[in-house]
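See structure below.
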Amino acid sequence: MSANGGTKAIVAALLANVGIAVTKFIAFLLTGSSSMLAESIHSVADSGNQGLLLLGGKRAKREATPQHPFGYGRERYVYAFIVSIVLFTVGGLFALYEAYHKWSHAEGITSWQWVPIVVLVAAIIMESFSFRTAIVESNHVRGNQSWVKFVRRAKAPELPVVLLEDLGALVGLVFALFGVGMTLITGNGKWDAAGTAMIGVLLVTIAIILAIETKSLLLGEGAEQHDVAAIERAVTDGPEVERIIHMKTLYLGPEELMVAAKIGVPPCDNTEKLARDINTVEARIRAAVPLARVIYLEPDIYNPAAAAGRADAARSEAGSDEVSERAGS
């Protein structure tokens, strides 16, 4: 993913949310609407989240140190996970609490009745521009993936986070408009509370989705299957390697992939030639998958009999473990 694209979407969302938060809070002060208060806090939380994403992107660019030899690229995942926590607590739980409080003390909107409608419509327009920016920037890297698959498989967290936040903001504004509108029509403040509760449930749901996806990135994800296939072809597409004995990949950050493999090479007594061959294979891997920047190749003489013995031993050990588990149960 282009880091510039993610930053552009974040900045657009930040500017929109700051402006929206101010107008919503003014509307709440004038009308006392709980939906407007929930939406105000929602926009404040979103603004803080965009600030966290920008901070995470900046800190992730730090150079590697002896204590962190693979750099700080995965710090972007940490800040994305914090965003999900902020959205859950500051946005979702606060809205649910406010809905409960408003339901118990339901009051209609008796003053400045036109203000929340005007503010919500204006907020929908501003939020739509932010959402459009996120969609445009995501389309540059999404390819043929569906939106669900893009959110679930993207290794850079910024665009999926902004997409979900903006989508949640738009739907939340519709919920607020519904609650406020029904309150103005009926004079019953419980409609306002219902709109607030809908906003709370929406934000909690989005926060849980974000937490699940960023948790997977924090734990460490390997390359997508098409990238694994490309790396395997690059390794074996030449006389230097007879076969891949085993290989593992791991994202060190959204834009850096580590490849570690034990490779079977032809018998060779010339270590200088072996080093040249490994360098050649590494160059092919980087050409095939440019994100593969950290590569460790361990040459070995492949012995089919020994490999079969190791596989049989592994299957036997797995079978004995299964028997033990059944006996224990």
Side-chain angles (χ1 to χ4, degrees), residues 1-3 5-14 16-18 20-21 38-39 41-60 72-97 127 130-135 137-139 141-142 145-175 197-222 224 251 253-255:
M1 169 192 288
S2 168
T7 301
K8 183 177 180 181
I10 294 170
V11 171
L14 176 61
N17 279 309
V18 169
I20 292 170
E39 276 296 307
I41 299 301
H42 177 190
S43 294
V44 170
D46 280 353
S47 300
N49 288 342
Q50 274 105 48
L52 286 171
L53 291 175
L54 290 173
L55 178 61
K58 181 178 180 180
R59 291 180 62 83
Y72 293 85
R74 292 172 73 176
E75 194 155 358
R76 288 164 69 179
Y77 302 151
V78 175
Y79 280 87
F81 188 77
I82 295 173
V83 163
S84 68
I85 296 173
V86 172
L87 193 63
F88 181 84
T89 54
V90 178
L93 294 186
F94 177 83
L96 291 175
Y97 167 77
E127 198 67 63
S130 173
F131 191 40
R132 179 182 178 277
T133 300
I135 290 174
E137 295 303 324
S138 297
N139 280 332
V141 295
R142 183 169 64 95
Q145 298 180 93
S146 67
W147 285 107
V148 172
K149 187 176 290 186
F150 172 70
V151 170
R152 296 199 62 185
R153 295 189 176 181
K155 304 305 178 185
E158 289 83 2
L159 283 178
V161 169
V162 173
L163 277 169
L164 287 176
E165 282 192 344
D166 285 351
L167 176 62
L170 279 172
V171 176
L173 287 167
V174 173
F175 288 164
M198 293 163 67
I199 294 169
V201 171
L202 172 70
L203 296 182
V204 167
T205 302
I206 290 176
I208 290 173
I209 293 172
L210 284 176
I212 291 172
E213 296 305 321
T214 44
K215 184 199 75 170
S216 178
L217 293 169
L218 277 171
L219 290 175
E221 290 187 358
E224 296 292 336
Y251 271 92
E255 296 163 0

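Contact between Tyr77 and Leu218 at its shortest, heavy atoms only, is CB-CD2, 3.7 Å. The shortest heavy-atom contact between Ser130 and Ala13 is OG-CA, 3.1 Å. What you find for Val201 and Leu96 is that their closest heavy atoms are N-CD2, 3.9 Å. Of all heavy-atom pairs spanning Ala12 and Thr133, the tightest one is CB-CG2, 3.9 Å. In plain terms, the two heavy atoms of Gly91 and Ala45 that are nearest each other are N-CB, 4.5 Å. Ala38 and Ala95 get closest at one heavy-atom pair: CB-CB, 4.0 Å.
Residues Leu54 and Leu14 have side chains in contact (heavy-atom distance under 4.5 Å, counting atoms from C-beta outward). Annotation: side chain of Asn139 is in contact with side chain of Arg142 (closest heavy-atom distance under 4.5 Å). A 4.5 Å side-chain heavy-atom check between Phe81 and Ile85 finds at least one atom pair inside the cut-off. The closest side-chain heavy-atom distance from Asn49 to Val161 is not below 4.5 Å. Looking at Trp147 and Ser138, their side chains come closer than 4.5 Å, going by heavy atoms from C-beta outward. Inter-residue side-chain proximity for Leu217 and Tyr251 is flagged as unmet; no heavy-atom pair is nearer than 4.5 Å. A 4.5 Å side-chain heavy-atom check between Gln145 and Arg152 finds every atom pair outside the cut-off. Considering only heavy atoms from C-beta on, Ile199 stays 4.5 Å or farther from Leu173 through its side chain.
For the atom pair CD1 of Ile209 and OG1 of Thr205, the computed distance is 6.5 Å after rounding to the nearest 0.5 Å. Rounded to the nearest 0.5 angstrom, Glu137 CD and Thr7 OG1 are separated by 9.5 Å. Distance CG/Leu93 to CG/Leu203: 9.5 Å, rounded to 0.5 Å. For the atom pair Glu165 CD and Ile10 CD1, the distance stands at 9.5 Å (nearest 0.5 Å). Atom CG of Leu159 is separated from atom CD1 of Ile135 by 11.0 Å, given to the nearest 0.5 angstrom. Taken from CG in Leu164 to OG in Ser84, the straight-line distance is 11.0 Å, to the nearest 0.5 Å.
For Arg76 (side chain) and Leu53 (main-chain N/O), no donor-acceptor pair under 3.5 Å exists by modelled atom type.
Phe88 is linked by a ring pair (Phe, Tyr, Trp, His ring centres under 6.0 Å) to nothing, counting only residues two or more places apart in sequence or in another chain.
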Determine, stepwise, if the pair Asn17 / Glu127 fulfils side-chain contact (heavy atoms from CB on, under 4.5 Å).
-> CA-CA 8 Å; Asn17 279 309; Glu127 198 67 63; 3.4 Å; yes
Show your working on side-chain contact (heavy atoms from CB on, under 4.5 Å) between Phe131 and Val162 and close with a plain yes or no.
-> CA-CA 8 Å; Phe131 191 40; Val162 173; over 6 Å; no
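Ring-plane geometry between Phe94 and Tyr97 is classed as tilted, the angle between the planes lying from 30 to 60 degrees on a 0 to 90 degree scale.
One finds a salt bridge joining Lys155 and Glu224 here, because a Lys/Arg side-chain nitrogen approaches an Asp/Glu carboxylate oxygen to under 4.0 Å.
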